[in-house]
Amino acid sequence: MGYTTQADLITRYGEQMLLGLTDIGMPAAGQIDTDMVARAISDADAMIDGYLRERYVVPLASPPPEISAISAAITIWKLHSFEPGKKIETDYRDALAALKDIAKGLIKLDAATVAPVTTGGTGAMITDRERPFTEANMKGFI
């Protein structure tokens with residue numbers, strides 16, 4: 001399941017906008033192309049997962065509302081085949097900025113996090129190999 005749905009997009013942007021963006025066949029079918037919407041949602045979710053992968057277990061089991069809003073903004077931007085309006089472009093840029101902040105850890109989500117990678121030891125690393133520079137082989141330099 002995606003982070004947003006076609007019903008969410010209709011609620012947020014209106015059925016007319018979705019119809020205008022997806023009903024591009026000749027002649028027009030007069031209905032929303034659900035396959036086109038599903039592809040755009042899938043692309044947006046893949047982008048979100050790419051940003052979140054280092055900090056959170058993806059796909060998110062129950063996405064927080066901010067992720068649903070980010071997914072909707074990216075999806076509607078991806079559905080535009082021509083230059084989107086200023087509001088759509090601004091929402092898309094804001095969504096990308098929020099994803100970058102989440103990836104950096106500046107914004108924290110209420111979701112399962114990835115366990116931090118740890119090394120086996122916590123102390124100093126000691127090597128048993130011979131020292132390359134000693135008093136004997138540095139004669140004349142020391």
Side-chain angles (χ1 to χ4, degrees), residues 1-138 141-142:
M1 185 173 134
Y3 297 137
T4 193
T5 63
Q6 181 172 319
D8 293 338
L9 294 172
I10 290 172
T11 301
R12 191 177 288 264
Y13 298 104
E15 191 169 358
Q16 277 306 114
M17 177 183 267
L18 232 53
L19 181 65
L21 293 172
T22 62
D23 190 17
I24 56 175
M26 289 295 183
Q31 59 187 351
I32 295 171
D33 184 345
T34 56
D35 291 337
M36 185 181 248
V37 173
R39 272 193 312 274
I41 290 171
S42 177
D43 291 346
D45 292 350
M47 180 186 289
I48 291 168
D49 287 347
Y51 276 98
L52 301 184
R53 184 166 281 118
E54 293 297 318
R55 291 196 177 272
Y56 298 97
V57 176
V58 292
L60 300 174
S62 58
E66 54 264 32
I67 293 299
S68 297
I70 288 171
S71 180
I74 294 171
T75 300
I76 205 73
W77 184 84
K78 286 187 171 292
L79 285 172
H80 279 79
S81 36
F82 300 104
E83 187 173 346
K86 186 156 180 65
K87 172 75 170 128
I88 301 295
E89 184 72 29
T90 302
D91 288 349
Y92 173 73
R93 298 288 171 212
D94 290 346
L96 287 183
L99 283 176
K100 289 175 184 175
D101 286 347
I102 293 169
K104 290 178 189 173
L106 299 175
I107 297 175
K108 304 229 185 309
L109 299 178
D110 186 24
T113 58
V114 174
V117 177
T118 59
T119 60
T122 58
M125 187 171 143
I126 300 171
T127 180
D128 61 347
R129 71 172 212 224
E130 197 174 310
R131 292 180 56 188
F133 300 111
T134 62
E135 188 177 333
N137 68 10
M138 294 296 293
F141 294 105
I142 299 178

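Computed over heavy atoms, backbone and side chain alike; hydrogens, waters and symmetry mates excluded. We count residues from 1, following the sequence as given.
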Minimum heavy-atom distance between I74 and A44, given as atom pair plus value
CG2-CB, 3.5 Å
With sequence neighbours left out, write down each residue that passes ring pair (Phe, Tyr, Trp, His ring centres under 6.0 Å) with Y92, or none if nothing qualifies.
W77
Mind running side chain to side chain contact (heavy atoms under 4.5 Å, CB included) on L52 and I67 for me, showing each step along the way?
CA-CA 10 Å; L52 301 184; I67 293 299; 4.0 Å; yes
Rounded to the nearest 0.5 angstrom, the CG-CG distance for D49 and L60 is 6.5 Å
Can you tell me how far CG of L79 sits from OH of Y13, rounded to the nearest 0.5 angstrom?
10.0 Å
Where is the tightest heavy-atom contact between L19 and G30, given as atom of each residue plus distance?
CD1-C, 3.7 Å
So, taking the atom named CD1 in I32 and the one named CD in Q6, what distance separates them when rounded to the nearest 0.5 Å?
5.0 Å
Run the side chain to side chain contact (heavy atoms under 4.5 Å, CB included) test on M17 and I88 for me, step by step, so that the C-alpha distance in whole Å, both residues' side-chain angles and the decisive distance to 0.1 Å come before the verdict.
CA-CA 12 Å; M17 177 183 267; I88 301 295; 4.2 Å; yes
Please walk me through it: do D8 and T11 pass side chain to side chain donor-acceptor pair (under 3.5 Å)?
CA-CA 5 Å; D8 293 338; T11 301; 5.5 Å; no
Heavy-atom side-chain proximity of T90 to K87 below 4.5 angstrom
no
What's the spacing between Q31 CD and L18 CG if we round to 0.5 Å?
12.5 Å
Looking at L21 and M36, what are the two nearest heavy atoms and their distance?
O-SD, 3.8 Å
Return the CD1 to CD1 distance between I70 and I102, rounded to the nearest 0.5 Å.
4.5 Å
If you take all heavy atoms of G105 and R55, which pair is closest and at what distance?
N-NE, 3.3 Å
Compare every heavy atom of T4 with every heavy atom of S71, then report the nearest pair and how far apart it is.
OG-CG2, 3.3 Å
Heavy atoms of other groups near E89 CD, more than 12 under 6.0 Å:
yes
Roughly how far, to the nearest 0.5 Å, is the NZ atom of K104 from the CG atom of L99?
12.0 Å
Shortest non-hydrogen contact between I107 and A98, atoms and distance
CD1-O, 4.1 Å
